[in-house]
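Here, residue 1 is the first one in the sequence, and each next residue gets the next number. Note that ligands are numbered from 1 as they come in the structure, with each ligand's atoms numbered from 1 the same way.
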Amino acid sequence: MNIEELIRILLPRNADYLIGYANLKGLLPEKYRGLDYAVVLGRRLDDRIIDAIIDGPNIEYYNHYTEVNLELAKVAHSLADAIRLQGGNSLVIEPTIHDQDLDKNFFNTLRFDFSHKMAATRAGLGWIGKTALFISKQYGPRVRLVTVVTDYPLPYCTEPINESQCGLCDLCVRHCPAQAANGKFWNIDVDRNEFFDPFACRNKARDLSYQNFNKEVSLCGKCIAVCLIGKTQR
Ligand code: B12
């Protein structure tokens, strides 16, 4: 059975998924050495829940986020196991990271050593928007991502996307409650911090999450809710 057939079998029937294949050679830190190929999965989020967070994060969004993380992790681990059975090495990059697993360097930079968004642009699934979200061609930013890296040669690696396709739209910039973005276009040579302030975003998201549903997490997502790409017109 080839990888594509395998993925189709593993994906839940009741959700929409994006599937992409990327070649990340030369883009990852030493610890991922040899694991140059990536399968990127993007799970479409519930439109009704995302539309509602235009008024701020809420407990329903938090529960959805938690469930989708579990679903993505389960699919990714099954895929990684299946690749191992075919003789390849594989490693799951979890959909989310927990504060207790992180070091000082992370809190000083808000940079993890693996970016799902980078894997997704390399897989040709979309680009990075003006508030640093990954914008998929199909569902816009309304996706959560997970990646499996492997040394197993993948069926094909799509043409990567190297620059923003947001055009003149700046809805996410104008609506950001943290005013974290300056409107500059992304391309692969522009560092995140040149157009987006992750600390402003995180601080505001923590305040809003605590105020609205009493949890010490960093959820906001207004930039997801306002983006016109992938939004279902009602
Ligand atoms: C740290 C982190 C945060 C930090 C910093 C956010 C940031 N933008 O960097 C804080 C706490 C602020 C945060 C907030 C949120 N986060 Co967050 N977060 C992460 C995490 C754990 C790591 C991201 C990281 O290390 N960033 C460092 C920078 C440098 O990398 P990056 O932003 O990922 O990608 C940049 C580069 O890779 C580069 N790039 C892209 N392609 C290419 C190609 C090449 C060749 C090169 C050289 C570079 C390059 O461009 C990107 C943008 O600058 C990821 C999970 C993961 N492991 O990826 C989730 C993740 C980015 N978060 C996510 C989400 C949804 C959120 C929130 C909406 C919270 C929420 N759920 O309500 C907000 C939105 C913030 C925003 N507008 O970006 C999703 C994004 C989904 C999407 N559609 O984009 C992710 C991918 C989790 C997931 N499993 O889906 N987050």
Side-chain angles (χ1 to χ4, degrees), residues 18 22-29 38 40-45 49-50 53 56-58 61-62 64-66 68-69 71-73 76 92-99 101-102 105-136 138-147 149 160-164 172-173 175-178 180-181 184-206 208-209 212-213 215 217-227 229-230:
L18 299 170
N23 187 338
L24 301 179
K25 201 171 176 56
L27 293 170
L28 300 179
V40 190
L41 301 175
R43 203 276 198 189
R44 186 186 191 178
L45 297 168
I49 294 175
I50 296 300
I53 56 171
N58 56 37
Y61 177 51
Y62 172 77
H64 186 48
Y65 158 97
T66 310
V68 170
N69 279 341
E71 179 184 304
L72 281 170
V92 173
I93 316 296
E94 297 293 334
T96 199
I97 46 181
H98 300 284
D99 282 5
D101 303 329
L102 293 162
N105 182 49
F106 174 82
F107 290 105
N108 287 335
T109 59
L110 294 179
R111 281 171 200 265
F112 191 54
D113 64 18
F114 188 99
S115 164
H116 291 305
K117 292 190 254 180
M118 181 179 77
T121 67
R122 289 288 94 188
L125 292 174
W127 62 94
I128 306 296
K130 290 180 184 168
T131 47
L133 286 173
F134 167 70
I135 316 289
S136 67
Q138 243 175 311
Y139 308 127
R142 295 172 175 236
V143 286
R144 235 180 132 69
L145 301 167
V146 74
T147 311
V149 285
I161 294 181
N162 294 330
E163 60 187 9
S164 165
C172 61
V173 177
H175 286 86
C176 173
K184 189 173 173 176
F185 278 111
W186 168 83
N187 70 53
I188 53 168
D189 296 319
V190 176
D191 185 67
R192 174 197 63 183
N193 293 19
E194 290 177 47
F195 64 98
F196 182 75
D197 177 350
F199 294 96
C201 169
R202 183 173 189 266
N203 292 343
K204 189 70 185 176
R206 283 192 101 72
L208 290 171
S209 300
N212 294 5
F213 55 95
K215 293 216 184 275
V217 292
S218 314
L219 295 194
C220 173
K222 194 158 184 171
C223 48
I224 304 178
V226 296
C227 182
I229 304 176

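Relative orientation of the Phe112 and Phe106 rings is perpendicular, given thresholds of 30° and 60° on the angle between their planes.
Summarising the geometry of Ser209 relative to Ser218, their closest heavy-atom pair is OG-C, 4.1 Å, with the distance given to 0.1 Å.
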Which pairs would a plain distance check flag for residues 125-132, meaning a side-chain donor or acceptor within less than 3.5 Å of a matching protein atom at least two apart in sequence or in another chain?
{"from": "Lys130", "atom 1": "NZ", "to": "Gly167", "atom 2": "O", "distance (Å)": "2.8"}
{"from": "Lys130", "atom 1": "NZ", "to": "Cys169", "atom 2": "O", "distance (Å)": "2.8"}

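Around ligand 1, the residues contributing at least one heavy atom under 4.0 Å from the ligand are Leu27, Tyr61, Tyr65, Pro95, Ile97, Phe106, Leu110, Arg111, Phe112, Phe114, Ser115, His116, Lys117, Met118, Thr121, Arg122, Ile128, Thr131, Ala132, Leu133, Phe134, Pro141, Val143, Arg144, Leu145, Trp186, Ile188, Arg192, Phe195, Phe196, Pro198, Cys201, Arg202, Ser218, Leu219, Cys220, Gly221, Cys223, Ile224.
The side-chain hydrogen bond (donor to acceptor under 3.5 Å, both in side chains) test applied to Arg111 returns Asp191, Asn193, not counting sequence neighbours. With sequence neighbours excluded, no residue forms a salt bridge (Lys or Arg N to Asp or Glu O under 4.0 Å) with Asp189.
Considering SG of Cys223 and CG of Leu133, their distance stands at 4.0 Å, rounded to 0.5 Å.
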